[in-house]
Structures are given as C-alpha cells and as structure tokens.
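Input: a single structure, listed below in structure tokens.
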Protein chains: 2
Amino acid sequence: MQNLSKNQQIIFDLIDKSNEPMKAYAILFNVQKKGIKAPLQVYRALDKLVEIGKIHKIESRNAFIACQNSSCQVSKATAFSICESCEKVTEINNSSLSKYLSNFKDRAGMKYSKYNLEFFGLCKKCITK
Amino acid sequence: MQNLSKNQQIIFDLIDKSNEPMKAYAILFNVQKKGIKAPLQVYRALDKLVEIGKIHKIESRNAFIACQNSSCQVSKATAFSICESCEKVTEINNSSLSKYLSNFKDRAGMKYSKYNLEFFGLCKKCITK
DNA sequence: ATTTAAATTGTTATAATATAACACTCTGTA
DNA sequence: TACAGAGTGTTATATTATAACAATTTAAAT
C-alpha cells in the first residue's frame with residue numbers, strides 16, 4: 001500500500017493515538033498547530049483515510065476511529081459496539097458475524113458490496129454503575 | 001398507543017407518503033404551507049417519531065423513512081438496504097437476520113439493547129444499467 | 001531529466017444539519 | 001380545577017460538511 005500524504009498522516013496519527021472516536025472539528029482544533037487550518041483539509045484527509053480503510057466513520061456519532069483490524073484494507077464490512085452511557089466505541093472483529101452478514105441476501109435481490117452495523121447498549125463498566 | 005400530536009402527524013404523513021427517505025430540511029420546506037416554520041419544530045417531531053418507532057433515521061444519509069414493519073413499536077432492531085446508485089432505501093424485515101443480531105454477543109461482554117445495520121450495493125434496476 | 005496526469009494542498013466562502021434557550025399552550029388526570 | 005408533562009413557537013446559534021478555484025507536489029512513463 002502506498003504511503004499517506006502529509007495531511008493524511010498527521011490526521012491518521014492523531015486519530016490512532018486517541019482511544020475514542022474523534023469528531024472532525026475536534027481533529028481540526030488539534031492539528032491547527034501542525035499547519036492544517038481549514039475544515040476542508042481535514043475532511044479531505046478523512047475521506048481518503050476512510051476510502052483506504054485506515055479509519056472508519058461511526059455514522060450515528062459523526063465521528064472517526066482508527067481501524068482496529070490490522071489487516072483491514074477497505075472499509076466494506078464494519079461493525080461496532082457503542083456504549084450509550086460513556087460513548088466508548090469498539091470495533092467488532094468476529095468472523096461468524098462477518099461471514100453471516102457478507103453472505104446475507106434479502107428477497108429484493110440486491111447485490112451488497114458493503115455493510116455497516118452499529119450495536120448500542122451499555123459496556124461492562126457502565127452496567128455496574 | 002397514544003395519538004400523534006399535530007406536528008408529529010403532519011410530518012409523519014409526509015414521510016409516509018414519500019417513497020424515499022426525506023431529509024429534515026426537505027421536510028421543513030414541504031410543511032411550511034401547513035404552518036411549521038422552523039427547523040426545531042421538524043427536529044422535535046422527528047425525534048419523537050423515531051423514539052416511538054414510526055420512522056427510522058438512515059444514519060449514513062441523514063434522512064428519515066417511515067417504518068415499513070407495521071408491528072414495529074420501537075426502533076431497536078433496524079436493518080436497511082441502500083442502493084448507492086439510485087439511493088433507494090428498503091427496510092429489511094428478515095427474522096433470521098433479526099434473530100441472529102438480537103442474540104449476538106461479542107467477547108467484550110457488552111449488553112446490547114439496540115442495533116442498526118445498513119447494507120450498501122446496487123438494487124436490481126441499477127445492476128442492469 | 002522532462003513531461004504529464006493524478007493526487008494533494010491551500011484558501012475563502014457557504015451550504016446543510018442540528019441544538020440551545022426561553023416563553024407560552026395544550027392535554028390528560030388526580 | 002389545578003397541576004404536571006408533553007407539545008408548540010420563536011430567535012439565535014452551534015455543528016457538520018461541501019463548492020469552487022488556483023497552486024503545488026508526486027509518481028510514473030517517456
């Protein structure tokens with residue numbers, strides 16, 4: 001795989017270091033000291049990083065996390081668990097689930113090339129609170 | 001179940017008549033002649049309608065569709081197919097899928113109360129184009 | 001080395017999506 | 001009939017995302 005460009009690398013490093021999903025304008029604020037000044041610079045890098053599978057967008061949160069699955073090249077089969085109390089997000093890496101969903105066919109005869117699944121609930125820590 | 005309020009009914013009727021997902025500001029434009037003038041009036045009705053399961057939000061599109069599943073009271077287990085060419089969205093009502101996902105447990109020990117799944121691809125019509 | 005096309009960057013402005021805050025009104029019920 | 005909860009109306013503003021255009025860098029093929 002080709003290397004990331006300067007902006008892409010800066011933004012990927014930031015997201016990768018974070019242990020929680022980051023929103024675009026939080027990213028912007030953090031990288032302003034590195035010379036990235038405008039939203040569009042952030043969104044362009046995010047678009048590319050999503051496209052090549054280095055990060056994923058958590059659609060229900062409008063936020064981005066680094067891919068936890070080291071072998072992931074393309075974001076075409078993603079699943080996440082989201083704690084509705086502490087907002088912790090974890091990428092689910094479960095071969096039974098991914099097999100089931102990748103092979104799923106509905107009666108409409110649609111050809112699926114991609115899916116995104118988000119589970120919501122309470123994480124272990126938050127259940128006991 | 002209790003009846004919808006005036007604004008909720010107006011907005012639900014509009015979405016229900018539409019055969020495609022509607023965006024909040026498209027809804028606003030359509031209901032202005034009925035006296036609903038401000039975005040917040042729309043968003044409040046949408047929030048309530050989502051909460052009681054009459055409509056669903058398509059997260060990847062920031063758009064709303066009426067629930068196709070007449071028995072659905074609460075939006076806690078939703079799945080959709082989305083055509084990336086014509087943007088047609090269909091609610092998937094498949095008991096095998098919903099059973100599989102409702103029973104899914106990951107190793108993080110999280111207790112899930114809800115999920116949302118979006119499949120992307122090409123619908124029958126668009127495949128042949 | 002030089003050309004060339006594609007990707008990336010920088011910049012300003014603006015579009016699209018969504019919520020805060022506050023006051024008032026309606027509705028069901030105890 | 002008063003009271004609590006849900007709903008409404010309104011203005012302002014916050015948040016998320018893209019349009020348009022010009023310049024620069026990069027990678028690959030001559």
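Quick note on labels: first sequence line is chain A, next is B, and so on, each numbered from 1. Computed over heavy atoms, backbone and side chain alike; hydrogens, waters and symmetry mates excluded.
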| Qualifying residues under salt bridge (charged side-chain N to carboxylate O under 4.0 Å, His left out), relative to B:Glu20, sequence neighbours excluded | none
| task | Could you check if a side-chain atom of B:Ile11 sits within less than 4.5 angstrom of a side-chain atom of B:Leu4, using non-hydrogen atoms only? | result | no
| field | Per-nucleotide protein contact string for nucleotides 14-19 of chain C, where B marks a base within reach and S marks sugar-phosphate only (heavy atoms under 4.0 Å, - for neither) | value | ---BBB
| task | Measure from CD on A:Gln9 to P on C:dT9 and round the result to the nearest Å. | result | 11 Å
| request: Using atom CZ of A:Arg44 as one end and atom C1' of D:dC21 as the other, report the distance to the nearest whole Å. | output: 11 Å
| Within the distance-only criterion (no hydrogens, no angle test), does the side chain of B:Thr128 pair as donor or acceptor with the backbone N or O of B:Lys125 below 3.5 angstrom? | yes
| query | Between B:Asn7 and D:dG9, does any side-chain N or O lie under 4.0 Å from OP1 or OP2? | reply | yes
| task | Indicate yes or no: at least one non-hydrogen side-chain atom of A:Phe80 is less than 4.5 angstrom from one of A:Ile65. | result | yes
| query | Going by side-chain heavy atoms closer than 4.5 Å, which hydrophobic residues are tied to A:Phe104, directly or by a chain of links? | reply | A:Ile92, A:Leu97, A:Tyr100, A:Leu101, A:Met110, A:Tyr112, A:Tyr115, A:Leu117, A:Phe119, B:Ile92, B:Leu97, B:Tyr100, B:Leu101, B:Phe104, B:Met110, B:Tyr112, B:Tyr115, B:Leu117, B:Phe119
| For C:dT8, does OP1 or OP2 lie under 4.0 Å from any side-chain N or O of A:Gln41? | no
| Looking at B:Lys6, does any N or O in its side chain come under 4.0 Å of the phosphate oxygens OP1/OP2 on D:dG9? | yes
| message | Just the rounded figure in Å: distance from C1' of D:dT8 to CD1 of B:Ile10. | response | 11 Å
| field | For atom CG of B:Asn3 and atom P of C:dT27, their distance in whole Å | value | 12 Å
| query | Whole-Å distance between D:dG9 P and B:Gln32 CD? | reply | 13 Å
| field | Any A:Lys37 side-chain N or O less than 4.0 Å from OP1/OP2 of C:dT11 | value | yes
| query | B:Ser5 side chain N/O closer than 4.0 Å to the phosphate oxygens (OP1, OP2) of D:dT8? | reply | yes
| task | Using whole Å, report how far CD of B:Glu59 lies from P of D:dA17. | result | 12 Å
| In whole angstrom, what separates B:Lys48's NZ from D:dA6's C1'? | 7 Å
| query | Is the closest side-chain heavy-atom distance between A:Asp106 and B:Ser81 below 4.5 Å? | reply | yes
| said: Rounded to whole Å, please give me the gap between CG in A:Leu49 and C1' in C:dA7. | reply: 14 Å
| query | Looking only at atom types and distance, does a side-chain atom of B:Gln68 sit under 3.5 Å from a main-chain N or O of B:Glu91, one as donor and one as acceptor? | reply | no
